[in-house]
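First comes the structure, then the notes that go with it.
Positions are given from 1, in the same order as the sequence printed here.
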Amino acid sequence: MNRKSCWLVLVALLPALWSCRERPREPQTQSEQRRGHRERHASASNLQLAQQITFAGQTALLLDIEYTGGYLDFEADTSGALASLELTYDNAHLCPEITFDSTSATPVLKIRTPHDRRENLSLDDLRSNRWRIKVSRKVALECEIEAGAVDAWLDFSGLQLEDLNINVGAGEMELEFREHNTAKPRIRLNAGAATVTASGLCNANFETFRFNGGVGKSELFFDGDYQGEGRVELKFGVGLNTIRLAQDLGVKIRKSGSFLAPISLRGFDKEGSYYFSPNYERATNRLDFEIEMGVGHTSIKWMEER
């Protein structure tokens, strides 16, 4: 694409981007508002599959989810089960398939939507589907989620998360980490045309955090209790992006990409192509950011800033 074409793309996108430039809300307030909205708009259905997987002393679990779309809720289980499933769907041919293999070293729980032959499905077409999935706090968890068009609320608070890989085609996705994670997971998020909000990311205590955004808005809150050193790789496509940082973090940032993607940040020292927080060298806990940008705007602020 030549320079003239790039400018034409940017001009066409400016109204949509500007309409999104609201002041970032604090994550808990945003979470409460969105959860209320989801409860009000969730459709009822008389087709439901409920199942509990018994906890039998397992120490680990691989959870593999493949979901055509709809509402997806995920959180820690408090019933004593290894996993509790409540899967609502609108058509008999979409009855979820559940398989549990307890014979391998790491037990595997797979939950699948049968392939829907209808084309060009939107989130509105799938709002009668609602999966509620809960997993025991007692096991080391590896989680794979492959979803089409979803409205997802994923609360990993209190879980022993060791690996997380999420691929979402479209819709809205909210992740929460309200408690410190004792493991050092690798986290990978791929969002096609989706709005993504993630809060308490420092509580996830990740080794690496990779986010690949296509078209949409993202708000990433690196707040909470981070311990040690980690790496963050962010690849933004087209949209408005907000990054919030905990004040006590030592932060290094390197930005690359299109001249059509400005970045705004304050309170950093610039050395060559890198930006350093003033406390970077002396900080006990540090994150190194690599940010690649396409078309849009990225704002980086400390949590207390407005």
Side-chain angles (χ1 to χ4, degrees), residues 20-39 71-76 133-135 137 141 143 145 147 150-161 163-166 168 171-191 194-213 216-228 230-236 239-249 251 253 265 285-287 289 291 298-306:
C20 293
R21 292 196 66 179
E22 59 190 35
R23 188 177 76 184
R25 292 166 289 177
E26 292 305 313
Q28 190 58 39
T29 300
Q30 184 174 16
S31 173
E32 292 169 354
Q33 291 176 349
R34 217 174 82 77
R35 198 171 306 168
H37 174 83
R38 294 174 83 252
E39 292 298 330
Y71 290 99
L72 176 61
D73 296 343
F74 179 87
E75 61 184 317
I133 299 172
K134 300 180 181 181
V135 173
R137 295 169 176 256
L141 177 65
C143 186
I145 300 176
V150 293
D151 187 332
W153 171 62
L154 310 174
D155 186 355
F156 294 96
S157 306
L159 294 169
Q160 301 178 48
L161 184 66
D163 191 84
L164 176 63
N165 186 26
I166 301 177
V168 170
E172 296 183 70
M173 178 170 61
E174 178 180 352
L175 285 80
E176 287 187 291
F177 295 86
R178 289 177 287 105
E179 299 177 23
H180 181 71
N181 183 34
T182 55
K184 272 284 190 182
R186 295 172 300 162
I187 298 178
R188 300 167 306 286
L189 308 178
N190 295 292
T195 297
V196 178
T197 302
S199 60
L201 287 174
C202 284
N203 284 333
N205 205 37
F206 54 82
E207 177 183 343
T208 56
F209 178 90
R210 294 186 175 95
F211 176 80
N212 186 6
K217 178 181 177 182
S218 66
E219 293 183 298
L220 307 177
F221 295 83
F222 290 87
D223 56 327
D225 178 22
Y226 190 81
Q227 296 179 1
R231 181 175 177 82
V232 179
E233 298 176 10
L234 307 177
K235 186 175 182 179
F236 297 125
L240 181 70
N241 313 294
T242 301
I243 300 167
R244 289 294 191 106
L245 304 168
Q247 284 279 0
D248 59 347
L249 278 176
V251 177
I253 297 171
L265 71 170
N285 306 308
R286 299 192 292 196
L287 291 178
F289 284 74
I291 303 177
T298 297
S299 175
I300 300 176
K301 296 183 177 182
W302 301 102
M303 287 296 297
E304 287 75 8
E305 285 187 59
R306 296 294 179 182

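Checked for salt-bridge contact, Asp155 and Arg178 meet the test: a charged N lies under 4.0 Å from a carboxylate O. With salt bridges taken as basic N to acidic carboxylate O contacts below 4.0 Å, none links Asp73 and Lys134.
Of all heavy-atom pairs between Asp163 and Arg186, the closest is OD1-NH2, 3.0 Å. Contact detail for Leu154 and Met173: the closest heavy-atom pair is CD1-SD, 4.1 Å. Shown here for Arg137 and Glu179, the closest heavy-atom pair between the two residues is NH1-OE1, 3.6 Å. The nearest pair of heavy atoms linking Ala76 to Ser157 is CB-O, 3.8 Å. The two residues Ser218 and Asn241 make their nearest non-hydrogen contact at OG-OD1, 2.8 Å. Minimum interatomic distance between Leu164 and Leu175 (heavy atoms only, all atoms of both residues): CD2-CD2, 4.2 Å.
Checked by atom type and distance alone, the side chain of Tyr226 pairs as donor or acceptor with a backbone atom of Phe206 at under 3.5 Å. Looking only at distances, no side-chain donor or acceptor of Asn212 sits under 3.5 Å from a matching main-chain atom of Asn190. A donor-acceptor pair is defined here as one N or O able to donate and one able to accept, closer than 3.5 Å; no such pair exists between the side chain of Glu219 and the backbone of Ile243. Within the 3.5 Å criterion, the main-chain N or O of Gly200 finds a donor-acceptor partner in the side chain of Asp223. Remark: side-chain polar atoms of Arg244 are paired, donor with acceptor, to backbone N or O of Met303 under 3.5 angstrom. The backbone N or O of Asp225 sits less than 3.5 Å from a side-chain atom of Asn203, completing a donor-acceptor pair. Listed for the Asn205 side chain is no donor-acceptor partner under 3.5 Å among the backbone atoms of His180.
Going from atom CD of Glu174 over to atom CG of Leu72 covers 12.5 Å, rounded to the nearest 0.5 Å. The distance from the CZ atom of Phe221 to the NZ atom of Lys301 is 10.5 Å, given to the nearest 0.5 Å. In this structure, CZ in Phe289 is found 8.5 Å from CG in Leu220, a value given to the nearest 0.5 Å. A distance of 8.5 Å separates CG of Asn165 from CG of Leu189, quoted to the nearest 0.5 Å.
The neighbour count for Arg188 CZ, taken as heavy atoms of other residues, nucleotides or ligands under 6.0 Å away, is above 12. Enclosure of atom NZ in Lys235 is not indicated, since only 12 or fewer non-hydrogen atoms of other residues, nucleotides or ligands lie within 6.0 angstrom.
Applying the salt bridge (Lys or Arg N to Asp or Glu O under 4.0 Å) rule to Glu233 yields the partners Arg210, Arg231; only residues at least two apart in sequence or on another chain are considered.
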- Message: Please determine whether side-chain contact (heavy atoms from CB on, under 4.5 Å) holds for the pair Leu287 and Phe209, giving the CA-CA distance in whole Å, both sets of side-chain angles, and the decisive distance to 0.1 Å.
- Response: CA-CA 10 Å; Leu287 291 178; Phe209 178 90; over 6 Å; no
- Message: I'd like to know whether Val168 forms a side-chain contact (heavy atoms from CB on, under 4.5 Å) with Ile145, so could you lay out the CA-CA distance, the side-chain angles of the two residues, the decisive distance to 0.1 Å, and finally the verdict.
- Response: CA-CA 8 Å; Val168 170; Ile145 300 176; 5.5 Å; no
- Query: Could you go step by step and tell me if Val232 and Phe222 meet the side-chain contact (heavy atoms from CB on, under 4.5 Å) rule?
  - Reply: CA-CA 10 Å; Val232 179; Phe222 290 87; 3.9 Å; yes
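Ring-plane geometry between Phe156 and Phe177 is classed as parallel, the angle between the planes falling under 30 degrees on a 0 to 90 degree scale with a further cut at 60.
Contact annotation: the side chain of Val251 never approaches that of Ile300 to less than 4.5 Å [non-hydrogen atoms, C-beta and beyond]. Val196 has its side chain within reach of Phe211: a pair of non-hydrogen atoms, C-beta onward, lies under 4.5 Å apart. For the pair Ile166/Ile187, no side-chain contact is recorded, criterion being any heavy-atom separation below 4.5 Å from C-beta on.
In this model, a donor atom of one side chain and an acceptor atom of the other lie less than 3.5 Å apart for Glu176 and Trp153.
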